[in-house]
Amino acid sequence: MERSLKKKLIASYLLVAVISIILISILANLFLANQFKNYVIKNQRNKNNEIFMSINNAYTEKKQWNIDVVENVGMDAMQYGMIVSVYDANGKTLWDARKYNNGICEAMITHMSENMAKYNSNWKGAYVEKSSPIYVNAVKVGIVKIGYYGPFYFTDNDLAFLGTLNKIILGVGIFSLLFALFIGIIMAGNISRPIQRVIKAALLISKGNYEDRINDKSDIKEITELTSTINSLADSLNKQESLRKKLTGDVAHELRTPLTTLQTHIEAILDGIWEPSNERISSCYEEIMRINRMVGDLEKVAQYESDNFILDKAEFDFNELVKNILINFQSEFLNKKIKVDFIGESAIAYGDKDKLTQVVVNLLSNALKYTNEGGNIEVKVNNNNENVELVVKDNGIGISAEDVPNIFERFYRADKSRSRQTGGSGIGLTITKSIVDAHKGEILVNSRLNEGTEFKVILKHYPKS
Ligand code: ADP
């Protein structure tokens, strides 16, 4: 059966409290009552001995019994529930509590048996008598008989003590139960409140409301982790959602420009305003090519980011690859009077050579596009123990700090007018990153506006799987 966390927590606290109380009261009653019983028995024995000694002392040096002393001892013993009778050597009664006051003696025994019945309804006790001869100088001078309720009995004070003990246990028990209930409610509230918030937030998120955040603070580590996980889940869903919206807008926008150009050009030709000259038709053709390139790029991103993207991996020297691509770029760099420094060492990579070629081409063409005439570009291939590294560094226009986190997104252009002039669609780095990701590698960027940009691609020699 499903129960709320709150109820479960409170019930467990109460259960622990009840079990502890039951255990404590059983143990207290068993051990304490047992100890107390032993104490009472020992006490009875001591008193018996005391009475024997006192009666003994009542035999004077004149070889006579001092009846007054005997009577005093006997009456004193009655106060402790003991019925004493003393006989001389011939068995003649010197003093007998029953003879002194039988009524009190009977009442005493009845009271004791009542006390013990109160303590334990199944109590099996009875009146017992212990007699012992008294010797003076090895001559028997008398007999003392002590009657009491055996094997032991509790006086009113003893019973009051045991009663108080049980009352204390009961009081502590009730207090512990209330305390457990109180702590249980507080703890359950502390745990269940933020969980309720997490549930609410998760529900809102599942309905597409990604703005809601959980701000409740908790001193429970797991709850804090749970809330921050849900918050970052909402963050990334929010980001995904706005990216999705932005992407749709961007695609529409990117297609709109060339399509409008095409439309106006063709309309002008159809209306006879423009001659369908070679030049005009080739300008239309260029726009069509532009759209085609963009759709092609988008297809590539979709393909590289899909789960079924399979890399055609093989071992090859990454350094050789970069060197060859640089040769192809040579004339373009020369045209822009850009000086290229290449430092490379043989570095065997394991990956899809065609796709990695695209990575190098994209980074070099960006460096070419965004570096002014007469600038410098530095290309490095490093072979580390675990990684193959490619560094492409330029002293071009750079990227502002606020643009850097976005440059790998589709259609993102830091400098819109300039990159449109250069023909960029803002997909090159998206493709680059998706290829590096597919290789389980890393791409890092370090850039300063108007100072230059450095891209670093890190590939493992042998990435797992
Ligand atoms: P594009 O086709 O516009 O170059 P990319 O995806 O390759 O698209 O790059 C995204 C944006 O990042 C570019 O529009 C540009 O603003 C910026 N960028 C990329 N590389 C560099 C670079 N080397 N120097 C300065 N800015 C760069």
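Numbering of ligands and ligand atoms starts at 1, following listing order.
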Nearest non-hydrogen contact to atom 26 (N) of ligand 1 from the set I399, T371, L363 belongs to I399

Between CE of M108 and OH of Y127, what distance do you get to the nearest 0.5 Å? 7.5 Å

Give the atoms of ligand 1, by number and element, whose distance to some non-hydrogen atom of K369 is under 4.0 Å. 1 (P), 2 (O), 4 (O)

Residue G428 vicinity, atoms of ligand 1 by number, heavy atom under 4.0 Å: 5 (P), 6 (O), 7 (O)

Residue pair D437 / S434, side-chain donor-acceptor N/O under 3.5 Å: no

Relative to atom 12 (O) of ligand 1, which among N366, I397, I407 owns the nearest non-hydrogen atom? I407

Relative to the heavy atoms of I427, which atoms of ligand 1 are at a distance of less than 4.0 Å? 6 (O), 8 (O)

Under 4.0 Å from a heavy atom of Y412: give me the atoms of ligand 1 that qualify, with their elements. 10 (C), 11 (C), 14 (O)

Say whether, by atom type as modelled, one donor and one acceptor occur between the side chain of D317 and the main chain of N319 under 3.5 angstrom. yes

Going by the 4.0 angstrom heavy-atom rule, the piece of T453 near ligand 1 is side chain

Does G426 come within less than 4.0 angstrom of ligand 1, counting non-hydrogen atoms of the residue? yes

M112 versus F152: any side-chain heavy-atom pair under 4.5 Å? no

Evaluate T430 for polar contact with ligand 1, using N/O atom pairs at a separation under 3.5 Å. no

Look up atom CD1 in I183 and atom CD1 in I10, then write down how far apart they are to the nearest 0.5 Å. 12.0 Å

Got a second to check how far Q303's CD is from K300's NZ, nearest 0.5 Å? 9.0 Å

Report the part of F455 (side chain from C-beta onward, or backbone N, CA, C, O) that has a heavy atom under 4.0 Å from ligand 1; answer both or neither where that applies. side chain

So that I can tick it off, tell me whether R244 and E241 are bridged by a salt bridge, with the cut-off set at under 4.0 angstrom between side-chain N and carboxylate O. yes

